[in-house]
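The structure appears below as structure tokens.
For reference, positions follow the sequence shown, starting with 1. Small disclaimer: the values here were computed from a predicted structure and weren't measured. Both counts, for ligands and for their atoms, begin at 1 and track the order of listing.
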Amino acid sequence: MGEFVHEEIPSTELDRLEATYRPLADAVRDLLDATIRTTVPEEQVRAAQAEIEALVARLRAEQLPGPAGVRFNSEARAWNWGNAVVGLRNAVAPPLRIVHESAGHAWAEVELGAPYEGPPGLVHGGVSAMLLDHLMGETASAAFTRVTFTGTLTMTYRRGTPLGPLRLEARIDREEGRKVWVVASIGDADGVTVEAEGVFIVPAWAAGEAARG
Ligand SMILES: CCCCC/C=C\C/C=C\C/C=C\C/C=C\CCCC(=O)SCCNC(=O)CCNC(=O)[C@H](O)C(C)(C)COP(=O)(O)OP(=O)(O)OC[C@H]1O[C@@H](n2cnc3c(N)ncnc32)[C@H](O)[C@@H]1OP(=O)(O)O
């Protein structure tokens with residue numbers, strides 16, 4: 001596993017950088033959707049591909065040697081721009097905006113479109129698991145006061161989850177030593193579609209005073 005990297009970028013500078021990168025990721029997100037749904041003539045598809053390849057070369061002129069990782073500064077600001085679910089610079093991330101109601105209770109609202117489809121018109125089951133896994137992990141971390149990893153995640157798909165606006169919710173159910181049980185759900189306007197239960201674990205290497213049972 002990589003490290004949590006201490007990088008001393010001031011928070012005000014991070015705000016400025018994020019204002020540049022967020023619209024870039026939004027544009028690429030739009031590109032994903034357009035790539036799936038376009039019906040333009042084939043020669044236009046090929047022309048667009050050439051332009052996209054040129055853009056990729058432009059962005060790759062300078063780049064990190066590997067993934068973005070998780071970074072933090074001494075102002076307690078953390079950023080994980082590549083994260084699969086919440087990464088600000090990741091166009092594959094929906095992105096989920098998570099609200100920590102309290103330590104151990106969080107929710108999120110999200111609108112899932114064409115790139116997240118599994119069965120026709122419905123959210124892919126693996127996508128539901130991915131979004132819940134992340135929300136539950138953040139919830140288990142008690143609003144970032146400790147590091148937790150998914151140990152076991154159990155999904156129950158009650159009915160198909162339609163693409164479109166959804167609400168996710170997660171709560172800590174109980175704790176025992178370094179183990180944290182979290183329950184969570186996804187719902188649409190008609191109620192719950194997916195339920196999940198997971199055991200999240202504060203790894204032995206990350207267990208400090210606060211995490212000991
Ligand atoms: C420092 C600066 C920080 C700045 C941070 C800023 C931001 C972000 C930081 C933190 C993140 C916060 C939130 C994260 C948000 C989302 C995360 C998304 C979730 C994921 O996507 S995360 C990736 C997938 N996840 C893995 O990649 C895990 C791979 N795995 C391991 O890393 C180890 O395997 C681990 C850690 C699981 C255990 O390792 P370990 O050595 O600590 O465990 P150990 O043997 O001591 O067991 C202790 C007790 O847990 C029980 N136990 C063990 N394993 C279990 C299992 N699998 N299921 C159920 N129970 C299990 C034992 O039975 C024992 O129970 P008992 O005490 O009762 O006997």
Side-chain angles (χ1 to χ4, degrees), residues 1-11 13-15 17-18 21-22 64 66-90 92-110 112 116 123-156 166-186 194-213:
M1 187 180 82
E3 301 284 313
F4 292 95
V5 179
H6 183 177
E7 188 175 356
E8 209 44 53
I9 302 177
S11 298
E13 173 67 1
L14 287 166
D15 290 341
L17 290 170
E18 291 191 349
Y21 292 128
R22 190 193 304 276
L64 295 171
V70 181
R71 294 160 193 269
F72 61 97
N73 66 16
S74 55
E75 298 169 67
R77 167 88 165 246
W79 62 104
N80 46 358
W81 287 339
N83 185 280
V85 181
V86 294
L88 179 114
R89 289 176 62 172
N90 187 347
V92 173
L96 211 57
R97 301 246 161 80
I98 297 174
V99 178
H100 286 274
E101 207 53 58
S102 58
H105 176 210
W107 59 271
E109 281 172 345
V110 70
L112 297 181
Y116 304 100
V123 178
H124 193 293
V127 169
S128 296
M130 179 175 77
L131 300 189
L132 282 176
D133 178 36
H134 186 91
L135 177 68
M136 294 165 82
E138 280 203 16
T139 302
S141 81
F144 303 108
T145 57
R146 60 192 174 192
V147 174
T148 62
F149 278 68
T150 316
T152 301
L153 184 63
T154 307
M155 308 293 301
T156 305
L166 298 167
R167 183 182 165 95
L168 294 81
E169 186 123 25
R171 277 176 201 280
I172 293 179
D173 182 48
R174 61 191 193 279
E175 298 188 25
E176 189 190 303
R178 287 190 278 115
K179 294 181 292 188
V180 185
W181 281 264
V182 178
V183 291
S185 64
I186 301 180
V194 182
E195 288 167 329
E197 184 182 18
V199 184
F200 292 77
I201 299 165
V202 178
W205 60 261
E209 289 306 312
R212 293 208 181 100

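- Contact annotation: for Pro203 versus ligand 1, heavy atoms closer than 4.0 Å belong to both the backbone and the side chain.
- Heavy-atom contacts of Ser141 reach the following atoms of ligand 1: 12 (C), 13 (C) (cutoff under 4.0 Å).
- In terms of polar-atom proximity, Glu176 is not counted as a contact of ligand 1, lacking any N or O under 3.5 Å from an N or O of the ligand.
- Some N or O of Thr150 is nearer than 3.5 Å to an N or O of ligand 1, by distance alone.
- Nearest protein neighbour of atom 32 (O) of ligand 1, counting heavy atoms only, is Phe149 CD2, 4.3 Å.
- Shortest contact from atom 57 (N) of ligand 1 to any protein heavy atom: Gly151 O, 3.1 Å.
- No donor-acceptor contact under 3.5 angstrom links the side chains of Glu176 and Trp181, judged on distance only.
- Looking only at distances, no side-chain donor or acceptor of Ser185 sits under 3.5 Å from a matching main-chain atom of Glu195.
- Proximity annotation for atom 68 (O) of ligand 1: of Met130, Lys179, His134, Lys179 comes nearest, heavy atoms only.
- Looking from atom 44 (P) of ligand 1 to the surrounding protein, the closest heavy atom is Arg178 NH2, 4.0 Å.
- Here the protein heavy atom with the shortest distance to atom 21 (O) of ligand 1 is Asp133 OD2, 3.0 Å.
- Taking the six-membered ring where the residue is Trp, Phe72 and His6 present parallel rings, their angle staying beneath 30° rather than reaching 60°.
- The protein non-hydrogen atom at the shortest distance from atom 9 (C) of ligand 1 is Phe4 CE2, 3.7 Å.
- Not a single N or O atom of Phe200, backbone or side chain, sits closer than 3.5 Å to an N or O atom of ligand 1.
- Of the possible donor and acceptor atoms, none in the side chain of Arg71 sits under 3.5 Å from a partner among the backbone N and O of Trp79.
- Heavy atoms of Ala78 found under 4.0 angstrom from ligand 1 belong exclusively to the side chain.
- Remark: ligand 1 atoms within the under-4.0 Å shell around heavy atoms of Phe72 are 2 (C).
- At least one N or O atom of Thr152, backbone or side chain, sits closer than 3.5 Å to an N or O atom of ligand 1.
- Of all protein heavy atoms, the one lying nearest to atom 52 (N) of ligand 1 is Ile201 CD1, 3.3 Å.
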